[in-house]
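Working notes, structure below.
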Amino acid sequence: VLVLPLLGALAFGATFNYYKHEFFNTESMLGFMLIGKTGVLADKSIPSRQPRALAIMAAYAKPIQEVLVKAPDWQTEYIIAAIYPDQFRDQPLVKQLTPVMLEDSQFRQPLETLRTDIAVDIIRARPIAYLRHVLINYIALWQVWDLGTPSEVQKITAFLKTVSPLPGIIPFITYPHRLDYKAGSWIAIPLRVGMLWIFGVSVWALIALPVYCYINKPIPPALYLMAVSAGLVQGAYLLTALLELGVARFFLVMWPAIALIGICSLWYLFNRGWIFKP
């Protein structure tokens, strides 16, 4: 029931892609995403199939790593680290990386494959650091760390003053610049409490649904809707954390499923007589 509409949407997109660009298969952006995700973890001691490119990345990443290690907490580290993925996959660093990667390619591999190779080399060499990076961004999605409280903004501002100017070439709007008009909001606290509730309910629903099926117990409609929505949200957030940043736009894209989980959780509790019991 769930897979057929997804396959239909994929086929429709691929057909349109063929009509527009004359090839049916979809385009992989795995290497593009992964090299941005793992670039900040690069180290010249890592064995790689692209040693010269890795050396360039490591030289760029080293001063960034020295800043991140000074961060007072994970939220501050996330805010600073979120500035840099575009540096490792877009201009200006890509001007140095791309010629070297293509020149060192033994089999004339596509650039996307070369990016994937070097990112996988970094993950293999530093799996704990990568998983820690994934966890920080996963928490950032569930706690909306881009929306800071006034006290958090003050803390991050104070830290930035001690490490500015930040290393690297940063042509984009960075957090320090946004602070001029982003004073923080206490709305972040109830929002995070609500997201903790949604997280707990989503984990419970994903466990409860197969248990209901195993013991052959009728599945309440509210539980079914919660489990399906929880699978969408948890899957999207986990995939985002593995490949991307936990920025607010990736949190917001799941708001319909998040709202459905919240409504269905209250519906389930009401039907069970746990709230507003007559």
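Residue numbers run from 1 in the order of the sequence given.
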Do the non-hydrogen side-chain atoms of [X] and [Y] ever get within less than 4.5 Å of each other?
| X | Y | value |
| --- | --- | --- |
| Leu114 | Arg49 | no |
| Leu243 | Leu30 | yes |
| Met195 | Arg192 | no |
| Leu166 | Tyr84 | yes |
| Met226 | Trp204 | yes |
| Leu160 | Ile80 | yes |
| Leu34 | Ile123 | yes |
| Val233 | Ser202 | no |

So Phe199 and Trp142, would you call those rings parallel, tilted or perpendicular, with 30° and 60° as cut-offs?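 Plane angle over 60°, so perpendicular.
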Below 30° counts as parallel, above 60° as perpendicular, anything between as tilted: where do the rings of Phe88 and Tyr60 land?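 Judged by the thresholds at 30° and 60°, the geometry between Phe88 and Tyr60 is perpendicular.
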Linked, directly or transitively: [X] and [Y] (ILVMFWY side chains, under 4.5 Å):
| X | Y | result |
| --- | --- | --- |
| Leu196 | Tyr138 | no |
| Val134 | Ile83 | yes |
| Leu225 | Trp255 | no |
| Leu141 | Leu252 | yes |
| Leu206 | Tyr224 | no |

May I ask you to check whether over 12 heavy atoms, not counting those of Trp186, lie within 6.0 Å of atom CH2?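 For Trp186, atom CH2 is crowded (more than 12 foreign heavy atoms under 6.0 Å).
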How about CD1 on Ile187, more than 12 heavy atoms from neighbouring residues, nucleotides or ligands closer than 6.0 Å, or not?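 Counting neighbours around CD1 of Ile187, 12 or fewer heavy atoms of other residues, nucleotides or ligands fall under 6.0 Å, so no.
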Between [X] and [Y], which heavy-atom pair has the shortest distance, and what is it?
| X | Y | answer |
| --- | --- | --- |
| Asp43 | Ala58 | C-CB, 3.6 Å |
| Ala53 | Val100 | N-CG1, 3.6 Å |
| Cys213 | Ile219 | SG-CD1, 3.6 Å |
| Ala42 | Gln65 | O-NE2, 2.9 Å |
| Ala188 | Gly148 | CB-C, 4.4 Å |
| Ala81 | His133 | CB-CE1, 4.3 Å |

Roughly how far, to the nearest 0.5 Å, is the [atom2] atom of [Y] from the [atom1] atom of [X]?
| X | Y | atom1 | atom2 | result |
| --- | --- | --- | --- | --- |
| Tyr268 | Leu223 | OH | CG | 6.0 Å |
| Ile156 | Thr76 | CD1 | OG1 | 4.5 Å |
| Phe32 | Glu112 | CZ | CD | 8.0 Å |
| Thr240 | Met33 | OG1 | CE | 8.5 Å |
| Trp267 | Leu260 | CH2 | CG | 9.0 Å |
| Ile261 | Leu266 | CD1 | CG | 12.0 Å |

Let's go through Gln143 and Gln75 carefully: what are the C-alpha distance in whole Å and the side-chain angles of both, what is the deciding distance for side chain to side chain contact (heavy atoms under 4.5 Å, CB included) to 0.1 Å, and is it a yes or a no? CA-CA 10 Å; Gln143 290 295 275; Gln75 183 186 16; over 6 Å; no
Given Ile198, Ile263, Val253, the one that forms side chain to side chain contact (heavy atoms under 4.5 Å, CB included) with Ile258: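 Going through Ile198, Ile263, Val253 one by one, the side chain to side chain contact (heavy atoms under 4.5 Å, CB included) with Ile258 is satisfied by Ile198 alone.
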Given 3.5 Å as the limit, does a donor-acceptor pair link the side chain of [X] with the main chain of [Y], or not?
| X | Y | answer |
| --- | --- | --- |
| Tyr212 | Pro218 | no |
| Tyr78 | Ile139 | no |
| Lys44 | Ala55 | no |
| Thr149 | Glu152 | yes |
| Arg89 | Ile35 | no |
| Glu77 | Ala71 | no |
| Lys37 | Ala241 | yes |
| Asp117 | Gln50 | no |

Side chain to side chain contact (heavy atoms under 4.5 Å, CB included) for Ile122 and Tyr130? Distances and angles first, verdict last. CA-CA 8 Å; Ile122 294 172; Tyr130 170 70; over 6 Å; no
For side chain to side chain contact (heavy atoms under 4.5 Å, CB included), just list the numbers for Ile46 and Leu54, CA-CA rounded to whole Å, side-chain angles, deciding distance to a tenth of an Å, and then say yes or no. CA-CA 8 Å; Ile46 294 175; Leu54 182 62; 3.6 Å; yes
Go through Tyr237 and Phe251 one step at a time and tell me if the side chain to side chain contact (heavy atoms under 4.5 Å, CB included) criterion holds. CA-CA 8 Å; Tyr237 283 5; Phe251 148 73; 3.2 Å; yes
For Arg52, which residues count as a salt bridge (charged side-chain N to carboxylate O under 4.0 Å, His left out) partner, sequence neighbours excluded?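 Residues passing salt bridge (charged side-chain N to carboxylate O under 4.0 Å, His left out) with Arg52: Glu103, Asp104.
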